Every structure is written in C-alpha cells, then in structure tokens.
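As the structure lists them, so they are numbered: ligands from 1, and atoms in each ligand from 1. Residue indices begin at 1 and follow the sequence shown. Please read all numbers here as calculations on a predicted model, not as lab measurements.
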Amino acid sequence: MKTIQDDPRIYELMRRELTRQQTTINLIPSENFVSEAVLDATGSVLTNKYSEGYPHKRYYQGQANVDEVETIAIERAKRLFGAEHVNVQSYSGSPANLAIFHALCTPGDTILGMRLDMGGHLTHGHKVNASAKFFNSVQYSVNRETGLIDMQEVRKLAREHRPTIIIAGCTAYPQIVDFAAFRKVAEEVGAYLLADISHIAGLVAAGVHPSPFPHADVVMTTTHKTLRGPRGAMIMCTKLDRLANVEGLDEKKAAKARNLASKIDRAVFPGMQGGPHENVIAAKAVAFKEALSPEFKEYGAQIVRNAKALATTLQENGIKLVTNGTENHLLLLDLLPFGVGLGRQAAVALENAGIVTNCNTVPYDPSTPFKPSGVRIGTPMVTSKGMKEGEMRLIGTWMAMVIKDMKNTSLQHEIREKVWELCEKFPLYSERKY
Ligand SMILES: *Cc1c(COP(=O)(O)O)cnc(C)c1O
C-alpha cells in the first residue's frame, strides 16, 4: 500500500469521521480538536522508533532525535505546570494511574478515591478495575443535597482506613476541586496525595482552575482533554518523597528512598510499559508549546464563560443541573425530574439533532450506570471551534427543546438543520481530507 487511499474502507471511514466532527456540535467534555501541528506530529515517522529507557539512558541506538524531542516535551511540561519532575511516557490516563499506584503502594495497600457513579474515574478504585483488584479500594461520595465533594466524609474515611494514597480528581464534577483541603487530610493520615487533573489540565494551564501544586505529591493528567494535545498522559511529581521512611537505611539506600521522581520513572518504565510512543511525545511537546501561548489562556477562560452561558440557558429553560451550575468546563444535566433512567434516550435524541453528548449517572442515581439519569456535557470542543456565549445560548435552547420533547423526531430533524448551518460558520480542518 502506498497511501491511505489504497485502503478504501478505512480511508472512507476516516473521511466520514472528519465530516461528522465538522458538522455536529460536540459537547463531550473529555474530547477536543487538536491543532494541525499536533496531528502532524502524531502521524510522523517518530512512530517507527523504539526508545525504551529515558533520554540519554536508552537501550537501543539511534536516539539522537528522540532524546531531544522527549527532553523538550519534559521541559515544556515543567514550565506549563510548575512541576519539579515530569514523565511524558505514559500511554494514557489509565495505565498512568496504575503506574503511580505501582510506584507508591504494595498490593493490598488501601487507596481512597471518588466513586465512579459520583463523578470519579474507573481507575480510582472502581470494583471492576485493576485498581480495586490489586489494592484495597475505599471510595468517597458527594453530598446528597449539594452534589459537592464532602471533605468531612473524605477525612472520616481517611482516618478510618489509613490509605496509602488519596486521589483528588474527577470525570464528572462541575465544581472546583479543593486540592489544599485534600492535602490537609493526606498529611493528617500520612498518605500521598495524587491529583488526577485529566479533565481540567487545560484550565489549570490557562490559570482558570487552581493548580494542584504545591499540594499534591503526584499529579497525573491525560493530554487529550482540555489540554488539547494527542491521546496520552503524563505524570508530574515533586523530586523528593515527603513520606520516605529512611530509618536504619545507609546513605545510598536512603537517597533512593527519598527520590520520588525516580520511583515514578521506574514504575512507568520498566515497571509498567515498554517502548514509549515518541510520535505522541512529540505531539505532546507541540501541544505544550501551544498551551504556553497567551491565546491558550484566552481559550481556557472562554471554555468557562461558555460553560456558564450554557448552564444559565439550560436552567432558564427548565433543565436541572447537578450542583446548580458549573465553575469549570463541564455540566451534568439531572434529568430525574423528567423520569428515572432517561439519560441514554436524551443523548440519542440530542445526537439525532446533531448535538453529541454522553449519558452519565447523576449522584445517588436510582437507575443503573448503563441506563443512567443524566447527560454530561462540556465546552472544550465548541470553544476550540471559536464559539462564544451567543452560540451557547442557541445550543442550550435547542438542547432544552429536544430534552423536553424527546420523542419528537421532526423537531430533532429541524434542529439538525440549524446545527449544520451553525457549524458551517465555524469551519475546522478545512484543508484536510481525513
Ligand atoms: C480520562 C480520565 C482518565 C483515563 O484516561 P484514559 O486516557 O481514557 O485512560 C483517568 N482519570 C481521569 C480523571 C480521567 O478523566
């Protein structure tokens, strides 16, 4: 095969996917549109290179260029987040979290994370995930009335179960995470604090969400969500291990025990992974450069303004929101007033109208995760397309109409036309074929 056109089935699907992305309103809060530059790096010849190890400490020859690429990615990430140490090799968020547990825990240790159906992530100790199989998982919820993380509950569980790691971070939480409060609890019980900022990393980089530093010992983020880089992850940490137990160790072993950076690096490679994806690492470097620019700060601020505008419009049109609003990029629509377990039906109706979302549990959902009672949306993609508050008011009005009349397919078709027209005003990837 010479080009992708020589694989017509895959080529055609890629072309259709481009059209789908260009002609729908994408509100899935974990997705984004990367730049052409990030796409270029991801699709580059760097994919051909094996580079097990770290810059200037590799196992194979031929590393001159990838060593430099990876070093640049690390330096940029350090600047972007003010991190002391960065590992950019993690394939994605899930293996990155497992690598962190591998670095800091022994099997059977206790980890304390947020429940999946309350807005936490699978890898924070959900029962079907490896994180709960190898570790003793204890989980916190949100407050039933306010929908907010209840720091008193976190503290109570931490004091009772003495976790090795406390995880602060969520996938469906529309409010600010108080990393300082988590640190206090972590200190009280002698636990590490892991901040998983996968969803909000772009907001942190833009300065519109408080930074997890200096509170967290370890910070994990995916690079493909609000941060707007390639699909992947990175781990940041302090150089020194605050909790190192060096009692009775000789000088050399004590130094090793204190070196948190090296524990993380060794847990990623060789502890968890083989060869890093240097094409993706190059794309991460490109995305970090973009995130260091003044335009990125404006993008981050606009994401939040857009989310607030969408929240107000939805509420004015009779849609209930978990926590009654948003302070970040994400909104969780509570559809229980319309009936139990309507999230999926609403998401399908919205997709028929050209508005792409995902169904999601709401806190204390009386239904099941497969048939949840909420819809999760977010503004990163529409913001990357250049949409502002005016467009959010239109989209919010359309969404409320569809949700309140979920079976009305002619209404869905009518709105599909309007969505199409709106998308034409915000062209994206116009030079691309796929
Ligand atoms: C997305 C996400 C992850 C997992 O990332 P993958 O790249 O999908 O494995 C982990 N933690 C949080 C909080 C996330 O939002």
May I ask you to identify the nearest protein heavy atom to [atom], giving residue, atom name and distance to one decimal place in Å?
atom	answer
atom 7 (O) of ligand 1	Ser92 OG, 2.4 Å
atom 9 (O) of ligand 1	Ser94 OG, 2.6 Å
atom 12 (C) of ligand 1	Asp196 OD2, 3.3 Å
atom 14 (C) of ligand 1	Lys225 NZ, 2.9 Å
atom 3 (C) of ligand 1	His121 NE2, 3.3 Å

Heavy-atom distances under 4.0 Å are what count here, so tell me which part of Cys170 touches ligand 1: side chain, backbone, both or neither.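 The part of Cys170 near ligand 1 is the backbone, not the side chain.
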Taking the ring centre of each residue, are Tyr299 and Phe296 less than 6.0 Å apart? yes
Counting the benzene-type ring for Trp, do Phe426 and Phe33 have ring centres under 6.0 Å apart? no
Just jot down the ligand 1 atoms closer than 4.0 angstrom to any heavy atom of [X], in number order.
X	result
His199	15 (O)
His224	7 (O)
Thr222	5 (O), 7 (O)
Gly93	4 (C), 5 (O), 6 (P), 7 (O), 9 (O)

Check whether Thr226 reaches the backbone of His199 with its side chain - one donor and one acceptor, N or O, closer than 3.5 Å. yes
Taking a cutoff of less than 4.0 Å between a non-hydrogen atom of the residue and any ligand atom, is Arg231 in contact with ligand 1? no
Measure the acute angle between the ring planes of Tyr91 and His277, then classify it against the limits of 30° and 60° as parallel, tilted or perpendicular.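 Parallel, since the angle between the ring planes stays under 30°.
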Can you tell me if Glu68 has over 12 outside heavy atoms packed within less than 6.0 Å of its CD?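 For Glu68, atom CD is not crowded (no more than 12 foreign heavy atoms under 6.0 Å).
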For Leu104, run the side chain to side chain contact (heavy atoms under 4.5 Å, CB included) check against Ile111, Asp109, Val218, Asp217 and tell me which one passes. Val218
Using the ring-ring contact (aromatic ring centres under 6.0 Å, His included) criterion, which residues pair with Phe101? Sequence neighbours excluded. Phe135
Mind checking side chain to side chain donor-acceptor pair (under 3.5 Å) for Glu295 and listing every partner two or more places apart, or none if nothing turns up? Ser293
